[in-house]
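These notes are about the structure you will find just below.
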Protein chains: 2
Amino acid sequence: MKEVLPQLNSTFSIDCVLFGFDEGELKVLLIERNEEPFKDWWALPGYLVNENESLDQSAARILHELTGIENVYMEQFYTFGDIGRHPQGRIISVAYYAMLRLGGDKALKPISNYAKQAHWINVKELPPLAFDHQKIFDQGLEKIKRRIKHQPIAFELLPEKFTLTQLQNVYEVILGKKLDKRNFRKKMLSFNVLKDLNEKQKGVSFRAATLYRFDKRKYGKLFGKEISF
Amino acid sequence: MKEVLPQLNSTFSIDCVLFGFDEGELKVLLIERNEEPFKDWWALPGYLVNENESLDQSAARILHELTGIENVYMEQFYTFGDIGRHPQGRIISVAYYAMLRLGGDKALKPISNYAKQAHWINVKELPPLAFDHQKIFDQGLEKIKRRIKHQPIAFELLPEKFTLTQLQNVYEVILGKKLDKRNFRKKMLSFNVLKDLNEKQKGVSFRAATLYRFDKRKYGKLFGKEISF
DNA sequence: TTACTTAGTGTAATATCTACACGGTATATT
DNA sequence: AATATACCGTGTAGATATTACACTAAGTAA
């Protein structure tokens with residue numbers, strides 16, 4: 001049985017593509033929708049923009065309402081505006097992305113009941129997505145690929161303290177190819193944005209690796225320079 | 001005397017940042033507005049999107065209506081959505097850019113009378129612009145800077161046949177710095193996307209330079225590879 | 001004590017980047 | 001015809017960056 005959906009005015013929405021990294025896998029944050037259209041489908045966290053908020057503000061609010069996540073710096077990357085992309089009318093969507101540390105601290109508790117639940121899903125095992133969200137996701141993934149190639153920001157996905165092997169792992173998963181260990185280390189350390197903590201991993205079987213931390217001050221100096229992987 | 005402006009619904013518009021190159025100067029296409037708000041101000045060609053067209057289609061239509069220019073491939077680069085950016089209500093604007101061959105052939109004849117006239121203006125001598133168009137222009141300029149650094153597309157701004165010196169000139173003007181002649185040629189030719197026409201400039205005082213043409217077939221092979229200036 | 005697993009390290013060959021200067025050639029001028 | 005002018009077109013050496021490649025060290029588990 002078909003439900004009749006209300007017609008929405010010409011308007012615009014935000015969709016967020018949040019990437020996380022866990023257990024060697026790249027994950028994306030999805031919600032399960034609780035409303036028509038696409039009720040019970042998985043989708044990127046997204047909703048309509050209010051009249052009285054900027055796009056950036058709106059993105060932060062929507063992410064919070066649908067997933068409980070706050071204080072994430074997201075960046076706009078593309079606006080999707082094909083006709084027919086939304087069954088209820090002419091709605092264009094401004095897409096944002098961010099890379100994010102996973103961990104128990106960021107609770108996934110939707111506040112609005114527009115979302116039933118929110119989950120981190122392995123990007124290799126995506127369910128069918130609502131609207132044109134597969135396309136939005138694909139472009140978001142392309143975006144972070146380009147970005148980690150040119151800026152040493154992969155540690156945004158890692159815990160504060162991380163090993164070089166973990167960092168290399170992030171690169172390999174996102175770029176989809178193996179990198180040479182010695183060359184990777186040489187290059188990464190040459191950027192001079194990592195601080196050696198003189199500290200070792202704990203609670204790991206076999207030899208523990210040195211922990212590093214991202215050094216914001218040094219990063220400032222690098223910023224804008226061309227680098228590439 | 002203040003006019004009362006109609007309130008527009010929440011909706012969206014397109015603004016186009018078109019770059020051209022003429023007489024050694026980088027130019028941008030502006031219109032003189034014929035309607036409130038900002039009547040008689042200079043502005044980027046831009047207007048509201050219709051319900052029945054995609055953003056890309058809309059950009060092409062709007063450019064044509066306001067400037068007479070057709071068949072230009074434009075690419076979206078950012079969406080501007082601060083509150084208060086438009087005095088008549090909540091209007092976000094999707095910005096497009098393109099690089100374009102100038103020349104007598106592309107007539108600048110606005111079709112809609114929303115624009116009084118359209119002109120190519122030296123980017124170094126911009127008049128005050130309507131709305132937040134200065135900001136949109138600035139970001140458009142940043143965009144083409146990044147783009148010509150990574151893709152050998154500067155000849156989009158030049159006539160079909162061009163000399164290496166002209167091409168270098170485009171790079172120098174856009175990047176805002178001098179480049180070494182020998183190194184520039186070495187690098188540009190190494191990309192293997194230029195075809196030597198075995199033909200010389202005509203009608204020029206002093207020694208004539210060799211003409212080159214962009215070779216689309218070869219470009220296909222390069223595409224996607226990382227290059228940089 | 002041994003087996004296992006991951007950490008951590010150097011070098012040589014190649015490719016790319018940078019800095020740098022002058023003779024060649026068509027045109028204009030006298 | 002000779003000369004001045006202004007732009008064209010080219011090479012190299014030194015420095016830097018990239019690539020390919022394999023073993024020993026250290027800690028844990030049995």
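Naming convention: chains lettered A, B, ... in sequence-line order (proteins, then strands); numbering from 1 in each chain. All values reported here derive from a predicted model rather than from experimental measurement.
Between F184(B) atom CZ and dC17(C) atom C1' the separation is 16 Å, expressed in whole Å. If you take CG of L179(A) and P of dT18(D), they are 13 Å apart, rounded to a whole angstrom. To the nearest angstrom, P of dC8(D) lies 16 Å from CD of E199(B). Per the geometry, CG belonging to L167(B) stands 13 Å off P belonging to dG9(D), to the nearest Å. The interatomic distance linking N183(A) (CG) with dA22(D) (C1') rounds to 13 Å, in whole Å.
The aromatic rings of H133(B) and F131(B) are tilted relative to each other, their planes meeting at an angle between 30° and 60°. Ring geometry for Y114(A) against Y47(A) counts as perpendicular: the plane angle is over 60°, on a 0 to 90° scale with 30° as the lower cut. The aromatic rings of Y219(A) and F214(A) lie perpendicular to each other, with more than 60° between the two planes, well past the 30° mark. Under the 30°/60° scheme for interplanar angles, the aromatic rings of Y171(A) and F229(A) are found to be tilted.
When only modelled atom types and interatomic distance are considered, S190(B) and R185(B) share no side-chain donor-acceptor pair under 3.5 Å.
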Could you run through nucleotides 1-9 of chain C and give me one letter per nucleotide, 5' to 3': B if any protein heavy atom sits under 4.0 Å from the base, S if only the sugar-phosphate is that close, - if neither?
-> ---BBBBBB

Can you name the atoms? Protein N/O to nucleotides 1-3 of chain D N/O, anything below 3.5 Å, with the distance.
none

Between protein and nucleic acid, restricted to nucleotides 12-16 of chain C and to nitrogen or oxygen atoms under 3.5 Å apart, what atom pairs and distances do you find?
none

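A cation-pi geometry, defined here as NZ or CZ lying under 6.0 Å from the six-membered ring centre and within 45° of its normal, does not hold between K27(B) and F21(B).
Aromatic pair Y96(A)/F77(A): centroids not less than 6.0 angstrom apart. Residues Y212(A) and F162(A) keep their aromatic ring centres 6.0 Å or farther apart.
Under the 4.5 Å side-chain criterion, counting only non-hydrogen atoms from C-beta, S93(B) is in contact with D15(B).
K116(B) has a carboxylate O that lies under 4.0 Å from a charged side-chain N of D40(B), or vice versa, which qualifies the two as a salt bridge.
Nearest-nucleotide positions on DNA chain C for D180(B) and S228(B) put S228(B) closer to the 5' end.
Counting all heavy atoms, side chain and backbone alike, M99(B) lies closest to I148(B) at CE-CG2, 3.8 Å.
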